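As structure tokens, the structure follows; a few thoughts come after it.
Small disclaimer: the values here were computed from a predicted structure and weren't measured. So you know, we letter chains A, B, ... as the sequences are listed, proteins then strands, and number each from 1.
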Amino acid sequence: MTRLDFDPYSVLGLSQDASNDDIKAAYRRAARRLHPDVNRNPGAVVQFQDISAANELLSDTERRREYDRAPREVTDGLKFNFRLTPSRNHIALLPENQVFYLLAEIIPDRLAAEASNRKESRLNLTLVLDHSNSMNGARLERVKAATHQIIDQLNPEDIISVVGFNDFAEVVVPATTAADKPALKARVSMMGASGSTEILKGLSLGLEQNRKFLAPRLVNHMILLTDGRTFGDEADCLALAHEASKDGISISAMGLGQEWNDKFLDELAASTGGASAYIQTSSAVVKFMNDHVRSLANVFAERVTLSIAPDPDIRIESVFKLAPNPQPLPADVGAIPLGSLQVNRIISVLIQFELPSLERSGFRPIARLVCSGDIFGAKVQHHQIINEVAVELMDNAPQEEPPTAILDALGKLTLYRMQERAQVAAETGDIREATRLFENLATRLYELGQPDLAQQAQSEAEQVAYTKSLSDKGRKAIKYQTRHLLLAQAAGDNAE
Amino acid sequence: MRVCPFCATPNQEGVFYCKECGRRVDGTAATTVAPTREFKPSTDIFAVHATWGTARFDANSQIVMHVRDYTETITIKPEACTLLGRYDVGSSQRPDLDLTPFGALDKGVSRVHAAIYRNEDTDTLTLVDMGSANGTHLNGQRLIPDQPRVLRDGDEVRLGKLVAHIYFKH
């Protein structure tokens, strides 16, 4: 018999004393919405597996009795909460498709920050560092300095490994506890720059090192730092990342300078729940990596995932993580990895749905969302929360002001989408469209009090108009800084 | 469908911000201008032209244009695209509305200066600068070339130094 890592009663929305008929009815209700025959959404597929497993267990009297009698794990009480805010509570009946937004927030227990006896989470950290020829000079020195500082920060029981790569990869520091720090630092210092960039080799060797100490009790994380693009092995890299994500390893990708492939690194990081970032100048490397590692040490829950199952007639248009690291998330996977939940930070995700034309008034469900993760406490404990969204449909929906959080986020997300469309237009050769969008973006940024970024957008518009192509530097700066606007807002939310 | 009150782009129902220009499209969007920037009342161009006329312009409507310092008015029934400019013997293209009788040459109107587009789906007019030498201003604000702006009843349009007021006749 397979052990379930969730509560079958809560999956079906039942209480412990539910009768057999209740169970049957609950299963039927869920199946009508989420059975793969009616709902092809990957989120629904994943969730329905849990539902049918729960139903199988509970409808078998023998197994149910066994489950009820089995001793429950004693929890130490700390949990995370899962809060959903819809953009509107009432939706007008319209003969056309309409957009509906949902803000999902995962909030760590308030007590977690105060629990003084809470041990810092233990790290299993792998650094995968590009030391190809282009890293020569200041860049590599800064990266080494950053690595030294990271080693200094680690606790003696943390595990660190360092892999260097160019056309081939080598283990600079094999996975070990960070006890003998001077020796570790000396090894890092010996790295020299040569060769070209092949990310796949670095990635696979890095994962091999990380897996040596892979354990659910640890924060298993890998940081990939590169300044170039890799050729021909991107698909393999992504496949590796998916494997890593299944094992509970998250990967953060950092691009340095201008040549690296931002789309690829974004996808790589997002598919494992890690963050991706653009480091404009080599002097920013040290601070950046330090901050990143510090945030890892404050983890409340790891391997947090969000699964969204919309009703059969509703489509997920896009999913975007607003905080802590703003980035687009893949909408076509069953359980979206969100990485780790830090002690006093909120993970917030904005989901855009498309509703079909609506005719019947009354309440109707929109989607079922499941959030799960492993909480680090006295011991690791799996926690899962299920939430349903329903709205009221009416003929004359009252005009309601949408929640400020959604409105603020969307205002900035719209800018991000504009630059995204502008870049697509520039790539497909629609120069007029790209110029116009960049100019609109500049106008809007001026109005919002972002003159520097506006200037960048304006000069990019001119660049496109004259040379019919984008500048690599300006393009990345605009992309990551419009994303950054969301971050500034998220930080403000936390300060409240 | 929700039409952006700023640039007339049709957006999907339920959205809050225009995908084209990034401004609020729902509710009383016309009055929510730039929430984070403070305007000085004396220089605030939006305050001067706070009362906006209707943007609605259906198939039977006509534009009545008053050029400043001229008594006669121009009445046009706009096509999908109406080109404003100045006809010159050497130019290959004749604008749909030739402003030469209104002193266009002295006032710095380009041969191909601006265009008024009529959107049949949304029943609105938009004004677009066609890359003119001396610029097109709508209610005191200079237009960025190729970037459409909604034209409303009572708007002031300036082509170079030629000032005209636009009225809608339904």
A:Arg432 side chain vs B:Asp146 backbone, donor-acceptor pair below 3.5 Å: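 The answer is no, because no donor-acceptor pair under 3.5 Å joins these two groups.
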Side-chain donor/acceptor of A:Tyr101 to backbone N/O of B:Val15, under 3.5 Å: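 Such a contact is absent between A:Tyr101 side chain and B:Val15 backbone.
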Crowding at [atom1], [X] (>12 non-hydrogen neighbours, <6.0 Å):
{"X": "B:Gln62", "atom1": "CD", "value": "yes"}
{"X": "B:Arg142", "atom1": "CZ", "value": "yes"}
{"X": "B:Lys77", "atom1": "NZ", "value": "yes"}

For chain B, the option from A:Leu407, A:Leu441, A:Leu413 that forms the most heavy-atom pairs under 4.5 Å: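 Highest number of heavy-atom pairs under 4.5 Å: A:Leu407.
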Let me confirm one number: the [atom1]-[atom2] distance from [X] to [Y], rounded to the nearest 0.5 Å.
{"X": "B:Gln12", "Y": "A:Asn97", "atom1": "CD", "atom2": "CG", "result": "6.0 Å"}
{"X": "A:Asn440", "Y": "B:Thr9", "atom1": "CG", "atom2": "OG1", "result": "8.0 Å"}
{"X": "A:Arg88", "Y": "B:Phe16", "atom1": "CZ", "atom2": "CZ", "result": "4.0 Å"}
{"X": "A:Glu439", "Y": "B:Cys21", "atom1": "CD", "atom2": "SG", "result": "13.5 Å"}

Let me know if [X] has heavy atoms under 4.5 Å from chain B in its side chain, its backbone, both or neither.
{"X": "A:Gln450", "answer": "neither"}
{"X": "A:Leu445", "answer": "neither"}
{"X": "A:Glu96", "answer": "side chain"}
{"X": "A:Leu410", "answer": "both"}

Contact class of B:Pro148 relative to chain A, heavy atoms under 4.5 angstrom: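 Just the side chain, heavy atoms under 4.5 Å.
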Region of B:Cys18 that comes under 4.5 Å of a non-hydrogen atom in chain A: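 For B:Cys18, the contact with chain A is made by the backbone alone.
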Pairwise side-chain contact, A:Thr443 with B:Arg23, heavy-atom cut-off 4.5 Å (strictly under):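 Result yes, sub-4.5 Å side-chain heavy-atom pair found.
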B:Glu20 vs A:Arg421, salt bridge (charged side-chain N to carboxylate O under 4.0 Å, His left out): CA-CA, chis, key distance, verdict: CA-CA 10 Å; B:Glu20 174 68 30; A:Arg421 279 175 55 216; 3.8 Å; yes
